[in-house]
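The block underneath contains the structure these notes are about, expressed in structure tokens.
Atom set for the values below is all heavy atoms of this structure, side chains included, hydrogens, waters and symmetry mates excluded. Naming convention: chains lettered A, B, ... in sequence-line order (proteins, then strands); numbering from 1 in each chain. Everything numeric here is computed off the predicted structure, so don't read it as measured data.
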There are 2 protein chains.
Amino acid sequence: MRVTTPNSPRPSSPGIWDPGAEILVDHSSPMPLYFQIATQLESAIDSGALAPGARLDNEVHLAGRLGLSRPTVRQAIQMLADKGLVVRKRGVGTQVVHNRVKRGVELTSLFDDLSALDQRPGTRVLVNVVEPAGAAVARALDVAERTEVWRLERVRLARSEPIARMCNYLPADLIPLPGDEVLETRGLYQLLRGAGVRMHAARQSIGARAASRAEAELLGESEGAPLLTMERTSYTAAGQVVEYGTHLYRASRYSFDFALRGTG
Amino acid sequence: MRVTTPNSPRPSSPGIWDPGAEILVDHSSPMPLYFQIATQLESAIDSGALAPGARLDNEVHLAGRLGLSRPTVRQAIQMLADKGLVVRKRGVGTQVVHNRVKRGVELTSLFDDLSALDQRPGTRVLVNVVEPAGAAVARALDVAERTEVWRLERVRLARSEPIARMCNYLPADLIPLPGDEVLETRGLYQLLRGAGVRMHAARQSIGARAASRAEAELLGESEGAPLLTMERTSYTAAGQVVEYGTHLYRASRYSFDFALRGTG
DNA sequence: CAGTGGTCTAGACCACGCC
DNA sequence: GCGTGGTCTAGACCACTGA
């Protein structure tokens, strides 16, 4: 997608990186133009071609150079501003942020997180059944009581050591039920994404408590050790519940890192 | 800002609430038009006038009724969609979400949270000094070592019971240093907002550990009790560090609830 | 098929920050 | 003053949905 042009035909002012030279738009692509621009600018920032503090070419120039209207270019840059990658200041310009806030691990799964950290994630499947929903689960999934739901209970391993115990409930008709062997090599969110289920939002609650004897044994901790608890309900864009889960993490081995944005 | 008109002059189609009848825009106001619209629509949703599932008037009609262009109206509705209050579907329309995800407690302070819950928050100030930054604090605040920083240590109370111990570091020149008595009645974020400091993003890490003897005593727990730990760095829109804090919460009395949005 | 949101254009004026 | 982003207009065509 990104094309590098080592020498700009006309050097721009010192300190101002000229994105026009490295951005190409494809009018025949189904991908929106503003998205094409944003993607390429983001790549430039990720790769360091656009270093922190670098000023972007201004909207009007960039639009002219790309042969696009200003609103389109503006929409692209706004995407980056919303992500916190650049800062816009009226009368000044747009700059790549200095102190980049780590990309929020929003709506990712533990499996993804561990994969990204090269922690060799593994899974032990304890329960993988379809059963009628009890009252609490029915309320959480927003379905009628005794509706068939998919119940999943797993232990997550990293480098062969237990990290978490995860209990999940999902609508039974959401995706074809995978066998245990599939669940052992793929995260739940990975499976959902693969089946075209797209998460859009989630409600999450994080707390802590002391480990019971059984929990301690399962996770390789001692009784009374602090555990992180996480309860999460995930939704599609249409507001349908995708998944309800209650997870238990060893506090000695895991913490939740994330980025927040905007004052609401 | 919002004006209620009890009787619509011309009843709209059944099931479709006609926002045009209740929305007024003021072209002379310094508040952007799209923001005026979004605010009033949000009020209608909050108040229940726009019930979950209700369809909004479409963009073109609404624009015509308000005497505005479609992009302006669209920007307003997009704000609500970004907040997760409405769902937009091409070929269908815009609906108020059924399963409303609780407003994320993004970048709020514990004091705000407790105030909102009517928990009668209080504060005991343990430390309130300006001192030279050590290596770790200097790195966290992104300032030179031995720069003067404001150090704050407090115990947060709710209904006169201790809930958390909070340690914060801030650039000393950010706001005039308040006396202890001010800190006892106002949250830190409240003070910062009042001084015009606007938080834009934060990096946060939540974990858990067992209470030491001193911590247990301070918080009214027993030694070894599980505590939630939170470490946070807050930034302005320009990427400057506003505050670095390490907090300790009684797990028996507090949990972090928040909403996540978008798949990143 | 008609209706909806998604995208895009080619301009315009304004408010703000800096010089 | 001048350049910047912030806002706004009045159209346009397209893709998708549902009847």
*What integer distance in Å separates B/L80:CG from C/dG5:C1'?*
15 Å
*When the distance from CD of A/Q75 to P of C/dT9 is rounded to whole Å, what number comes out?*
10 Å
_Rounded to whole Å, how long is the line connecting atom CG of A/L33 with atom P of C/dT9?_
6 Å
Protein-nucleotides 10-15 of chain C N/O pairs under 3.5 Å:
| residue | atom | partner | partner atom | Å |
| --- | --- | --- | --- | --- |
| C/dA12 | N6 | A/R70 | NH1 | 3.2 |

*asked:* Quick check: on DNA chain D, is the nucleotide nearest A/I77 upstream (toward 5') of the one nearest B/V92, or the reverse? Name the residue that is more 5'.
replied: A/I77
_Validation row: A/Y235, A/E243 side chains within 4.5 angstrom (heavy atoms)_ = no
*asked:* Taking only side-chain N and O atoms of A/R88, does any of them lie within less than 4.0 angstrom of OP1 or OP2 on D/dT4?
replied: no
*Sequence neighbours left out, what passes side chain to side chain contact (heavy atoms under 4.5 Å, CB included) with A/V87? Give chain and number order.*
A/K89, A/V97
_Which residue lies more 5' along DNA chain C, comparing A/V73 with B/Q78 via nearest heavy atoms_ = B/Q78
*Ionic contact status for A/R203 with A/E231, cut-off 4.0 Å*: no
_Euclidean distance, atom CD of residue A/Q95 to atom P of D/dG5 [Å, nearest integer]_ = 11 Å
_Using OP1 and OP2 only, check whether a side-chain N or O of A/R74 sits under 4.0 Å from D/dG6._
yes
*Return the value, rounded to whole Å, for the distance between atom CE of A/M31 and atom P of C/dG6.*
18 Å
*Report the residues that fulfil side-chain hydrogen bond (donor to acceptor under 3.5 Å, both in side chains) with A/E59, sequence neighbours left out, ordered by chain and then residue number.*
A/R70, A/R74, A/R88
*asked:* Just N and O in the side chain of A/Y34: are any of them under 4.0 Å from OP1 or OP2 of C/dT7?
replied: yes
*Could you check how far CE of B/M79 sits from P of C/dG5, rounded to whole Å?*
18 Å
_Interatomic distance, A/N58 CG vs D/dT4 C1' [rounded to whole Å]_ = 7 Å
_If only side-chain N and O atoms count, and only distance matters, is there a donor-acceptor pair under 3.5 Å linking B/D173 with B/W150?_
no
*Value in whole Å for how far the C1' atom of C/dG5 lies from CD of B/E59*: 6 Å
*For C/dT9, does either OP1 or OP2 sit under 4.0 Å from a side-chain N or O belonging to A/T72?*
yes
_Flag for A/S234-A/Y189: side-chain donor and acceptor within less than 3.5 Å_ = yes
_Heavy-atom side-chain proximity of A/L80 to A/V96 below 4.5 angstrom_ = no
